[in-house]
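Computed from a predicted model, the values in this text were never measured in an experiment. We name chains A, B, ... by the order of the sequence lines, and we start the count at 1 in each one.
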Amino acid sequence: MINDPSSEMKIKSRLKRSLLVWLFIAFMPLANAGDWSGHIATEYRWFVESALDAEQFNGGSTSFSAELEYFHSWNNGKDSVAFVPYVRWDERDAERTHADVRELIWQHISRDWELQLGIGKVYWGVAESQHLVDIINQTDLVENIDGEAKLGQPMINLSFIKDWGVFDLFILPGFRERTFPGQDGRSRSIPEVEEQAAYESGAENKHVDYAMRWSQTYGDWDVGLSHFYGTSREPRFIPSMGPSGLVLTPFYDIINQTGVDVQATLDEWLWKFEVIHRSGQGETFNALTTGFEYTFVGVNDSAVDFGVIVEHLYDNRGSDIPVAFDNDLFVGGRFAFNDADSSEILFGVISDLQSNARFYNLEASRRIGDALVLTVEARFLSGIAPSDPLASVQHDDVIQIELAHHF
Amino acid sequence: MKKYILLLLLLPILAVAQTPEERGLEIAIEADKRDLGFSDSSSQLVMVLKNARGDMSVRKMLSKTLEVEGDGDKGLTIFNEPADVKGTAFLSFTHIQEADDQWLYLPALKRVKRISSKNKSGPFMGSEFAFEDLSSREVEKYTYLYIKDEQVDGEDAFVMEIRPTYKYSGYTRSIVWMSKEKYQPIKVEYYDRKNALLKTMRAMGFKKFLGKYWRAGEMLMVNHQTKKETHLTFSNYQFKSGLTLRDFDKNSLKRSR
């Protein structure tokens, strides 16, 4: 078994990970020297139903995570470095136990330009239900299936800040593969995703990607236009026979993706629009998210704000690539209690407009005392047909609770 | 010459003939004039929130302001405590006529979010201060009515009623005690949308900067309806430190640590 190449890969990758953990520990003594902050968290996930695949764990699972942030600036704030190591340990899913350098970046600010060099994180877009335009960083999917956790991306980013807008240029040397839950893990595809990825480019994960973005504010309108050329962050999955049966090989194409994001902020209305046009990954396609968020400020003369969010999710990819949200409607609400504990509740449902598939989501958080934050999340699926891209996770309804200590 | 004397004789009558509205506006314009030319300022803020039971929680932030000629000021607030909001930043461009522009930076996602400025009446960081209590005061955003002169703790003040003319204020009106010496509010009573007394603010510990600009060292806001209060202290005031528009743009939010 040990001679099997895929196990060897796994061992190598474990080694890499433990190296990262050691690096992390090696930097710890610096904690007394500079400006450190961060959080440590305990999480408990409970899967309501028994798993579809006998190899997946059932019931609950505990996990611990830590994120540190070191920040140092000099030259009157014109130069700064940030170092953000991250580590998670998971009781049941070996792939979820992982470490990452979220940021290790030097930034220089000048009068009308900025330079960022190192490992960093960049966010683009305006929508709430999905983030189409956002493409610089790879998704750290094992963290949370909401896809909002990202892996650090090596980058050279030059920003020009002009009257006509902000123009960003990115050179992205090195690609990060998406993380996927392991064989034992929940919320994964069936068959599982194998460790070894395949690439269109002969340079594989050393392909240098490029991106640019222009963004500008015109009164109530915030507008962004971006283009990305390089390794798709979203893989295709090729079924293949592994040593232990059928597996899915993530295949990363070289793509061109143009994105537009627009938000109009008109009093209590936020109108949102995101569209992408991607070629190079099978057939050329468009996808868009369009909708609004309307906020009732001070409900019943209280301090509570209530926002109604409606977004239409559309993707015109044909049947060769299954897309979960091809023509769906997200309807959600956000309570911001504006209290001393920063209590918030976000909930919503994504409904497939052509089937009975529903994806329910709830996130609630509040502070306890000065340093603790309690977060409760729940995700439920219903009405999933056997042919639905979400079919393999249809038994993965989950309730999770996290207690984080911030410092 | 005769005409001139006549004019001089008329002057006191003219002054008396000034309506309370004109007098109020005159005081507001004078207060605004005295605060002109500070270019930029910054200060460290500590907020202590106390509820009716006496539980306390602390917020710390850095506030920067850029004076804008012919329009409202630009402001950037960077949160430092509680630890879970460290690095969160709030950018606002106040305008005299139109609604303000506001952006919020969420450091965990690295996301800059344009937000609705309808939240004026909302609590600032869960405190008893509303956003509108802390944003820059533009003369044009209120109507004024001079009431009388009165002392507050031995300090002479003009008492005025002011009413917001902008949309989405949480107040019908407020009564302002404006120090005659400093032309800064030393006491304010806020009346809610039902015109019931909501809060009282007291500003204390004033210091004069650059020989001209008076700034409060602390403010106490007491909510009479909820019995909660917020004590706000300002320290490390700096003026004219050469801040530019670049320190108040969307990119500046992302480096606000």
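- Chain B forms more heavy-atom pairs under 4.5 Å with one residue of A/Q107, A/H39, A/K150, A/R111 than with any other, namely A/R111.
- The side-chain hydrogen bond (donor to acceptor under 3.5 Å, both in side chains) check on B/K250 picks up A/T217, A/D222, with sequence neighbours excluded.
- Residues A/I109 and B/R255 meet the side-chain proximity criterion, which asks for heavy atoms closer than 4.5 Å.
- Residue A/G219 comes nearest to B/D101 through the heavy atom pair O-OD1, 4.4 Å, listed as atom of the first residue, atom of the second, then distance.
- Chain A is approached within less than 4.5 Å, heavy atom to heavy atom, by B/R246, B/D249 from residues 226-249 of chain B, ordered by number.
- For A/H72, no part lies under 4.5 angstrom from a heavy atom of chain B.
- Both the backbone and the side chain of A/A303 come within contact range of chain B, judged by heavy atoms closer than 4.5 Å.
- Using a 4.5 Å cut-off between heavy atoms, A/S80 makes no contact with chain B at all.
- Proximity to chain B (any heavy atom under 4.5 Å) is shown, for A/S343, by neither the backbone nor the side chain.
- For A/E268, the parts lying under 4.5 angstrom from a heavy atom of chain B are both the backbone and the side chain.
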Could you go through the side chain to side chain contact (heavy atoms under 4.5 Å, CB included) check for B/L109 and A/E148 one step at a time?
CA-CA 7 Å; B/L109 298 176; A/E148 289 192 342; 4.0 Å; yes
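- Around atom CG of B/N195, more than 12 heavy atoms belonging to other residues, nucleotides or ligands sit under 6.0 Å away.
- Using a 4.5 Å cut-off between heavy atoms, A/D134 does not touch chain B at all.
- Annotation: salt bridge (charged side-chain N to carboxylate O under 4.0 Å, His left out) contacts of B/D32 (sequence neighbours excluded): none.
- Salt bridge annotation for A/E128-B/R111: present, with a cationic side-chain nitrogen under 4.0 angstrom from a carboxylate oxygen.
- Under the ring-ring contact (aromatic ring centres under 6.0 Å, His included) criterion, B/F93 pairs with B/W103, not counting sequence neighbours.
- Contacts of A/E293 with chain B are absent, with no heavy-atom separation under 4.5 Å from either backbone or side chain.
- With hydrogens and angles disregarded, a donor-acceptor distance shorter than 3.5 Å links the side chain of B/R59 to the backbone of A/A340.
- Contact of A/S365 with chain B is not made at all, since no heavy-atom distance falls under 4.5 Å.
- A/D301 contributes atom CG, which lies 7.0 Å from atom CG of B/D192 (distance to the nearest 0.5 angstrom).
- Between B/K110 and A/E103 there is a salt bridge, since a side-chain N of the basic residue sits under 4.0 Å from a carboxylate O of the acidic one.
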